[in-house]
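In the text below, chain A, chain B and the rest are named by the order of the sequence lines, each starting its count at 1.
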There are 2 protein chains.
Amino acid sequence: MSAAETSNWQQIHDVVLERIQSRRWKPGDLIPREQELAEEFGCARATINRALQALADSGFLERRRKAGTRVAIHPVRKATLSIPIIEQEIEQNGFTYAYALLTDAVLPPPADIGAWLEVPPDSTVRHVEALHSASGRPYVFEDRWIHLDAIGAAASADFSTVSPNRWLVENATYTRGKITLSAIGAGSRESELLACEPGAALFRLERRTWNKTAVITVANLTFAPGYRMHTML
Amino acid sequence: MSAAETSNWQQIHDVVLERIQSRRWKPGDLIPREQELAEEFGCARATINRALQALADSGFLERRRKAGTRVAIHPVRKATLSIPIIEQEIEQNGFTYAYALLTDAVLPPPADIGAWLEVPPDSTVRHVEALHSASGRPYVFEDRWIHLDAIGAAASADFSTVSPNRWLVENATYTRGKITLSAIGAGSRESELLACEPGAALFRLERRTWNKTAVITVANLTFAPGYRMHTML
DNA sequence: GAGTGGTCTAGACCACTGT
DNA sequence: CAGTGGTCTAGACCACTCC
């Protein structure tokens, strides 16, 4: 009874983590070599390696060839934000999703957006503004710029029923992205669209997305008041 | 020449990822069994397993025994937020860190904080308010509640020179945490401390931290206007 | 029941890096 | 150069779960 079925490497992982957290092995300490730990735990070195790799990935250990494995001095805590498709996020919370296209144009971008998209000075990009709502209440305002040279199919995409957010997730394979989170005061446009007072504090997510070769798109998502983003660590 | 030195499993990882992103293997598709891939790539099955494990961890694949490995339908993108010690964050940005203790008391918590800390109704907790500043400018206001029964040493900690933020990182081993990010309007206290107008949009990070047995602490960090949190994905 | 991924082993060689 | 972790292999058994 008392099943306790975790794999061996996970048990070793937990034991080592406990030794770190109990300060039996203190930050900066060198811990035993893999071979020694393998003997202590009565397993193969590969099993130890698996456990220590996981701890290194989590930031608890720092490993270097020849230098050995040390307990990290600053166990940098990493939280994982999952970035969902807006539609899914709303529906998972039990609301009815609706989407409205506000503007859609191909035009030369403002200087700052052009720089972010890394497009030549005189080129044009597609600019889409849209509102996502949850059970009739405005949820998030999407301000989207798409680099058409980087993803040609987007030139003919129909954003009247499918949001750029969703279309891009499904049609643009990307490899890297950078996200910036901040708080901004509602301007006149935001206050109108998101049904709040001008100056109200709004949660803002700015995102730049690359594929292998170029910036695909820049998105500014401005959430309605009261939005909260959750994460575990 | 053209060194290209990545390990074999990483190369396989990249090849498989390319097949996913190029839609040769589409979302929902079943991909070949590990044994078949091992034959295709001319390696051991363990090497394939390592590559596919990594892709599953990243959210690109979903793997189940007997059912096989499928391309994830919604490649849930995960961004990693690293949560630094405030002092480090400020100094890494080239500013001079300063810390000021504002209030420090042991008292019965308000109902909401008490519930978050999961303390009995009539118990007391330690409440600390502090201001962290960067090169003389207010940076973040720390509103901290500490469950003394869960971490007794905190009762005698001196927060006049070391912030709760740092003290807890260094002295409280914790295992789990939950973070909530939001935007709030500055109240009178925030506007005074953070040198901004009442109602200004402020970035807020709320955090609850557990060790194995109990909630250790609740922290509300309210950042000065203009704060931006960055993350990659 | 059978097929798939999850884990483990014992051994080997290699890559990196401190001395 | 030598010591450590990084990777790989060939094979094995097990755990899970679909049929």
Side-chain angles (χ1 to χ4, degrees), chain A residues 1-17 19-20 25-73 75-76, chain B residues 1-17 19-20 25-73 75-76:
Chain A
M1 51 214 81
S2 84
E5 253 0 278
T6 51
S7 57
N8 198 359
W9 74 262
Q10 280 182 358
Q11 292 183 29
I12 293 169
H13 168 106
D14 292 346
V15 169
V16 172
L17 181 56
R19 288 183 187 175
I20 294 170
W25 291 340
K26 301 185 189 64
D29 280 4
L30 199 59
I31 76 171
R33 305 192 317 274
E34 291 189 347
Q35 185 53 49
E36 293 179 43
L37 290 171
E39 290 164 11
E40 177 189 339
F41 288 101
C43 67
R45 185 168 76 92
T47 305
I48 298 295
N49 185 280
R50 177 86 193 250
L52 298 189
Q53 283 274 3
L55 286 163
D57 287 344
S58 307
F60 290 106
L61 293 177
E62 289 176 359
R63 321 190 72 201
R64 283 213 309 258
R65 286 164 164 154
K66 167 71 180 173
T69 300
R70 290 180 182 279
V71 178
I73 298 182
V76 178
Chain B
M1 48 214 77
S2 82
E5 251 2 278
T6 51
S7 56
N8 198 358
W9 74 263
Q10 281 182 357
Q11 292 182 30
I12 293 169
H13 169 106
D14 292 346
V15 169
V16 172
L17 180 56
R19 288 183 187 175
I20 294 171
W25 290 342
K26 301 184 189 64
D29 280 3
L30 200 59
I31 77 172
R33 307 191 318 272
E34 291 190 348
Q35 185 53 50
E36 293 179 42
L37 290 172
E39 290 163 11
E40 178 192 337
F41 287 102
C43 66
R45 185 169 76 91
T47 306
I48 298 293
N49 185 279
R50 176 86 193 252
L52 298 189
Q53 282 275 1
L55 286 163
D57 287 345
S58 307
F60 289 106
L61 294 177
E62 289 176 358
R63 320 191 73 202
R64 283 215 309 259
R65 287 164 161 152
K66 166 72 181 173
T69 300
R70 291 180 182 279
V71 179
I73 298 182
V76 178

Sidechain N-carboxylate O distance under 4.0 Å for B:Glu34, B:Arg45: yes
Can you sort out the partners of A:Glu40 under salt bridge (Lys or Arg N to Asp or Glu O under 4.0 Å), two or more places apart, ordered by chain and number? A:Arg19
Going by the rule salt bridge (Lys or Arg N to Asp or Glu O under 4.0 Å), which residues pair with A:Arg65 if we only count those two or more places apart in sequence or in a different chain? none
OP1 or OP2 of [N] versus the side-chain N and O atoms of [X]: is any pair under 4.0 Å?
{"X": "A:Asn49", "N": "D:dG5", "result": "no"}
{"X": "A:Thr47", "N": "C:dT7", "result": "no"}
{"X": "A:Asn8", "N": "C:dT7", "result": "no"}
{"X": "A:Ser7", "N": "C:dG6", "result": "no"}

Exercise: identify the closest heavy-atom pair between [X] and [Y]:
{"X": "B:Trp9", "Y": "B:Ala51", "answer": "O-CB, 3.4 Å"}
{"X": "B:Leu61", "Y": "B:Leu52", "answer": "CD1-CD2, 3.8 Å"}
{"X": "A:Asn8", "Y": "A:Cys43", "answer": "ND2-CB, 4.2 Å"}

Find which nucleotide of DNA chain C each of A:Trp9 and A:Arg45 is nearest to by heavy atoms, and output the residue with the more 5' nucleotide. A:Trp9
For atom NE2 of B:His13 and atom P of D:dT7, their distance in whole Å: 13 Å
Could you tell me how far apart A:Gln11 (CD) and C:dT7 (P) are, to the nearest whole angstrom? 12 Å
Let's see if you get this right: which residues in residues 52-67 of chain B place a heavy atom under 4.0 Å from DNA chain C? B:Gln53, B:Arg63, B:Arg64, B:Arg65, B:Lys66
Among residues 27-44 of chain B, which residues get a heavy atom nearer than 4.0 Å to DNA chain C? B:Arg33, B:Glu34
Contacts of type side chain to side chain donor-acceptor pair (under 3.5 Å), residue A:Trp25, not counting sequence neighbours: none
Qualifying residues under side chain to side chain donor-acceptor pair (under 3.5 Å), relative to B:Gln35, sequence neighbours excluded: B:Glu39
Kindly point out which of C:dG5, C:dT9, C:dT7 is positioned nearest to the side chain of B:Thr69? C:dG5
With a 6.0 Å cut-off (strictly less than), is the heavy-atom count around CG of A:Leu30, excluding the residue itself, greater than 12? yes
